[in-house]
Amino acid sequence: MDIEDRRRYFIVGSVFLEVVQPLFRTRLENDYTSKGLGSFQDFLNTQQVIHILFHLRHRNAKCCKDISNCVNNSKLPLMYIQWNQLYTENPGQRGHNCHCKFKANPVQLKELDITMAGLILLNCCYLGSTEKNAVLILRRYKNEYLSHNTQGAIIETEYKSLWTDLISFVQQLDPNKQDDLMRIENRLLDEGLCRKYSIIDLLNIHKKLNEMDITIQEIGSSVHGIDSSIQGIGATVHGIDIHIVIIEDICLFYMLILNTF
């Protein structure tokens, strides 16, 4: 792997983690404070927000409140692990499939990664058309060039057009980030920090954890199926034993009759 290709990956990752991620969080904070809400948890607990996010995770659900705005999304962009990070089910309301049975967790803005912060921004906050487009593309670029980049490198031809776009879309959200971008662009490769960014922050950890959770559930179901099969075999064997005993009893009965005569 060319060291410059890796340095370019490091630079782009630094932009997303040091500029884009805090920028998304700040825009979220500005949105809910402008509505008179004191915390991100208060924002998540508003009926409009919890209703929107509920339908980004749950399909074929009709809510008892605001039913006219219920939607049935073909895709569910909010994964289980993300939903569970944001909300907890109220005890005593199981079986009632509506957003009203959930309450927001005391989540801090600093706990949100780029993907989740961008998703909430796009769906629950006011953004102008230019800003919305910038958030959409920055989220997509993060996935394309970082989260799904198992090589940890970006070649020069890709980097040139990518860097131009990054400057443009970041400045559409905050024109005052030019100096930060230039400082990062001239940064030397820091292998330790690059590994940290790659392993902890840039790879799609939520997706991997969600896939692991699903796999574990499937393994659990398979084990349960095997256990049921073993129990079934046991029941069958037990049934065979019963039949053998019955046949033996019948033979003994006929032998007794024959011996009587």
Side-chain angles (χ1 to χ4, degrees), residues 12-35 37-59 61 71 73-89 99 101-128 131-149 166 169-170 172-174 177 196-214:
V12 173
S14 297
V15 169
F16 275 92
L17 292 174
E18 298 176 25
V19 178
V20 176
Q21 185 167 264
L23 184 53
F24 280 12
R25 292 169 178 170
T26 299
R27 292 302 298 262
L28 267 173
E29 185 175 24
N30 291 342
D31 185 89
Y32 72 71
T33 54
S34 69
K35 297 172 181 174
L37 298 170
S39 69
F40 183 58
Q41 185 180 16
D42 293 338
F43 171 77
L44 291 175
N45 268 326
T46 60
Q47 181 173 312
Q48 181 183 14
V49 172
I50 192 172
H51 194 193
I52 290 171
L53 295 178
F54 175 79
H55 286 292
L56 293 180
R57 175 58 261 163
H58 300 84
R59 188 178 284 118
V71 293
N73 293 296
S74 58
K75 294 183 179 180
L76 299 177
L78 195 62
M79 293 181 289
Y80 279 120
I81 195 169
Q82 294 171 318
W83 171 260
N84 291 334
Q85 180 184 357
L86 298 176
Y87 293 101
T88 298
E89 185 174 345
H99 73 272
K101 72 175 183 178
F102 295 95
K103 61 180 179 181
N105 297 322
V107 184
Q108 303 296 315
L109 279 174
K110 64 182 180 181
E111 299 174 41
L112 300 185
D113 61 11
I114 296 170
T115 301
M116 191 187 293
L119 183 68
I120 297 173
L121 266 176
L122 290 168
N123 290 277
C124 305
C125 302
Y126 173 76
L127 295 172
E131 295 171 319
K132 186 173 184 177
N133 183 63
V135 173
L136 277 168
I137 293 179
L138 286 171
R139 287 181 76 241
R140 177 162 60 84
Y141 281 4
K142 188 260 183 184
N143 288 330
E144 291 175 348
Y145 291 99
L146 300 173
S147 295
H148 301 159
N149 186 345
L166 284 179
F169 293 124
V170 166
Q172 286 173 23
L173 295 172
D174 187 344
K177 296 297 181 182
K196 175 185 178 296
Y197 283 176
S198 300
I199 297 170
I200 298 176
D201 299 297
L202 295 177
L203 293 177
N204 202 332
I205 298 299
H206 284 307
K207 182 178 180 182
K208 295 301 177 187
L209 288 174
N210 196 54
E211 290 171 351
M212 287 171 60
D213 181 58
I214 292 170

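In this chain, residues are counted from 1 in sequence order.
Here the CG-CD1 distance, from Leu146 to Ile114, works out to 7.5 Å after rounding to the nearest 0.5 Å. Separating the CG atom in Leu109 from the OG1 atom in Thr26 is a distance of 8.5 Å, to the nearest 0.5 Å. For the atom pair CG (Leu121) and CG (Leu127), the distance works out to 5.5 Å, reported to the nearest 0.5 Å. Remark: Asn123 CG to Leu56 CG distance equals 5.0 Å, nearest 0.5 Å. Interatomic distance, SG of Cys125 versus NZ of Lys35, reported as 5.5 Å (0.5 Å rounding). One distance of note links CZ of Arg57 with CG of Leu76; it measures 5.0 Å at 0.5 Å rounding.
In this structure, a donor-acceptor pair under 3.5 Å is absent between the side chains of Gln85 and Tyr80.
Note on ring orientation: taking the six-membered ring where Trp is involved, the planes of Phe169 and Tyr141 are perpendicular (angle over 60°, cut-offs 30° and 60°). Relative ring orientation between Phe102 and Phe54 is described as tilted, the plane-to-plane angle lying within the 30° to 60° band.
His58 is linked by a side chain to side chain donor-acceptor pair (under 3.5 Å) to nothing, counting only residues two or more places apart in sequence or in another chain.
At a threshold of 4.5 Å between non-hydrogen side-chain atoms, the residues Leu86 and Met116 count as touching. Between Arg59 and Asn73 the shortest side-chain heavy-atom distance does not fall below 4.5 Å. In this structure the side chain of Leu138 never reaches within 4.5 angstrom of the side chain of Val135, judged on heavy atoms. The shortest side-chain heavy-atom distance between Ile120 and Phe40 falls under the 4.5 Å cut-off. A heavy-atom distance below 4.5 Å is found between the side chains of Thr46 and Leu37.
Here Glu144 pairs with Arg140 in a salt bridge; the nearest charged N to carboxylate O distance falls below 4.0 Å. For the pair Asp31 and Arg27, the salt-bridge criterion is not met [side-chain N within less than 4.0 Å of a carboxylate O].
Paired with Asn105 under the rule side-chain contact (heavy atoms from CB on, under 4.5 Å), one option of Leu44, Thr88, Asn45, Asn84 passes, and it is Thr88.
Side-chain atoms of Gln82 come within 3.5 Å of backbone N or O of Met79 as a donor-acceptor pair. Between the side chain of Arg139 and the backbone N or O of Gly118 there is no donor-acceptor pair closer than 3.5 Å. Formation of a donor-acceptor pair under 3.5 Å by the Gln21 side chain with backbone atoms of Phe16 is not found in this model.
The number of heavy atoms from other shown groups lying within 6.0 Å of CD (Gln48) does not exceed 12. The neighbour count for Lys177 NZ, taken as heavy atoms of other residues, nucleotides or ligands under 6.0 Å away, is above 12.
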